[in-house]
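All chains are named by letter (A, B, ...) in the order of the sequence lines, taking the proteins before the strands, and each is independently numbered beginning at 1.
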Number of protein chains: 2
Amino acid sequence: MRMNFTPQQLTAFLHLARSGSFGEAARLHGVSQPALSRTIQQMEAALGRRLFDRTTRSVVPTPTGLELRRIAEALVAEFDSAADDLARFVEGRSGRVAVAALPSIAAVLLPPAIARFREGRPDVEIEVRDGLSGSVLEAVSGGGADLGLTIRPPHPQAALVYRSLLSDEFGLVCRPGDAPGGEGPLPWSVFQGRPFIAMAAASSVRQMTDAAFLQAGLAVPPLYGCAFLGTVGHMVATGLGVTALPRLTLSLLGPFDLAWRRLERPVMRRSMGIVTRAGRSPAPAVLEFLAQLERQAKSLR
Amino acid sequence: MRMNFTPQQLTAFLHLARSGSFGEAARLHGVSQPALSRTIQQMEAALGRRLFDRTTRSVVPTPTGLELRRIAEALVAEFDSAADDLARFVEGRSGRVAVAALPSIAAVLLPPAIARFREGRPDVEIEVRDGLSGSVLEAVSGGGADLGLTIRPPHPQAALVYRSLLSDEFGLVCRPGDAPGGEGPLPWSVFQGRPFIAMAAASSVRQMTDAAFLQAGLAVPPLYGCAFLGTVGHMVATGLGVTALPRLTLSLLGPFDLAWRRLERPVMRRSMGIVTRAGRSPAPAVLEFLAQLERQAKSLR
DNA sequence: TATATTGATAACCGATGCGCATGAATTTCA
DNA sequence: TGAAATTCATGCGCATCGGTTATCAATATA
């Protein structure tokens, strides 16, 4: 004897057990009375036992009916709660979002995006793993992160998809008094003869400043090779030198009064965007978070 | 979004999630591969999300797939266990049997029936409520007992069904030396001139001995009016008198050496049987118990 | 480049579930 | 007492669903 009742059947049964009337139960269940009658008959046939002793005037559960009711009440509750859990997950109201991000992007883009995202989604866990460009791509392609916030990958990988969110121009960063006069953009040659505070060789900023100097045909010695923007901020503020940074990183330098002037020849743009795994469906919560990121980026553009 | 998956769908899904192959999962699930393919597609359509990212070469669960797997494993386990519970009940291997019985019948018929019945059915609770004829019928018709063991009810009630199990003849009970000589049956007139130890007026035995004397046109004064057979046994064994009892009650008189001789003119038979509620399906365990009682009665006949 | 494997799709078909109309049994009420 | 009303069961027609077989498309393998 294999009971193989569907949740539909069980709730139909419960409606009848609770109401004690086929007509009423059918109404509650949203089907016609004959349909409900048949449903119960089928269940009885499947069990080989009556579930209700019924005349045209009364519907009384048999002992088997009482037992099934006990069981079905619990089962249907489980089922509903499971359906609820799944719905919450599918609607992105529960789950987990693991973000790998470059520190400079994480600091600018993530805090407001997370703040907004969590409004109304208190049950979504968010994990942020910040690291340099290589580790971001690695985390995403390895499955450790659902999405990565990074600059456009230099060597496009088949397993990863990159979508640009916003681009950020490089500019000279210095103490307010140290900038050449005027208002317009400055050429990269402005660094000739000034101490250039460089970022660590592995950092994405450093790679772009190197490229800029190369393109401009300049030989500017990189000093210090700092890993953290905060350190750079302190150094510039102290007057140890100047540097070149994308505009959006300014706030990461610290609470100093620093000047920023756009650089050209060449104009360097750091394209920041999202990497995800190709051919993999993200979790609903991740999709929602991606949408939030897009909105966030648009508001910064 | 209302998830309304059937256990069928969920187990199909689990087979796929576990095996990672549509072909294998279909085999496990006992359907063709296209059928399984469509089942999954339907579930995905219902959720509005993919459950597996699949190419012709790989089947990888999406985060939603993983979440559903977590949920479905638990749910299907619940379902199976519920099906199991119900099956045990329906097969009469769990549940409860409440028996109301006349003490004289309970003592004879019930112990061996219960002993046999419990072999292999350790999870069925059995409750025995012994009382006089009236309370037995009351317990059954009121629902307090699933079945009653009693004599044929004098006033057949519409709500109750009586089925005879066995009938038991009345005989003279006395000390071995006190019986008239010979082997054959004795007439009820044998009690004339002998002190007749009677049962309490409400008891079924007393009603039948009264009826017998009436039928035989005898005036035998009833002595004592005992409520318990054990008391009667002591009295007879002590030589206070003799009595008339159905054969099967002999063992209830106590560990005395007593003689029993069939009585005739009239032959009195106590029909013992089962009463159940009319139009009510008994619990499966009750049906099994009834069957056991029938076997038991047959072996005594 | 040919072959094998694997999931998706198409076409078809029987089973199932539902609603409507109706029947049968029983209570209610005139 | 008999007609009306109530309530569950049944017969029938129809749409839907789930299943199978045959086949296609994509990809790994030899």
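Between A/S281 and B/P63 the shortest heavy-atom distance is O-CD, 3.1 Å. Taking both residues in full, the closest heavy atoms of A/P7 and A/F79 are given as CG-CZ, 3.4 Å, listed atom of the first, atom of the second, then distance. For the pair B/V136 and B/G131, the tightest heavy-atom approach, listed with the atom from each and the gap, is CG2-O, 3.7 Å. Closest of all the heavy-atom pairs between B/D168 and B/M272 is CB-CE, 4.2 Å.
Using a 4.0 Å cut-off between charged side-chain N and carboxylate O, A/K298 and A/E294 make no salt bridge. Salt-bridge check for A/E73 with A/R18: passed, with a basic side-chain N closer than 4.0 Å to an acidic carboxylate O. In this structure, B/R129 does not pair ionically with B/E138, as no charged nitrogen and carboxylate oxygen lie closer than 4.0 Å.
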Can you give each donor-acceptor pair under 3.5 Å made by side-chain atoms of residues 32-43 of chain A, sequence neighbours left out, with the distance rounded to 0.1 Å?
| from | atom 1 | to | atom 2 | distance (Å) |
| --- | --- | --- | --- | --- |
| A/S32 | OG | A/A35 | N | 3.4 |
| A/T39 | OG1 | A/A35 | O | 2.9 |

Report, one pair per line, the protein and nucleotides 20-30 of chain C atoms (nitrogen or oxygen only) whose separation is under 3.5 Å.
| from | atom 1 | to | atom 2 | distance (Å) |
| --- | --- | --- | --- | --- |
| C/dT26 | O4' | A/T56 | OG1 | 3.1 |

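When the C1' atom of C/dA8 is taken as reference, atom CZ of B/F22 falls 9 Å away, rounded to whole Å. Summarising the geometry, the separation between CE on A/M43 and C1' on C/dT16 is reported as 16 Å, rounded to the nearest angstrom. Regarding B/R27, its CZ atom lies at a distance of 12 Å from the P atom of C/dT6, rounded to whole Å. Separating the CG atom of B/D53 from the P atom of C/dA8 is a distance of 11 Å, rounded to the nearest angstrom. Here the P atom of nucleotide C/dT16 and the CD atom of A/Q8 are 17 Å apart, to the nearest Å.
For DNA chain D, the contact window with chain A, defined by any atom under 4.0 Å from a protein heavy atom, covers D/dT6 to D/dC12 in 5' to 3' order.
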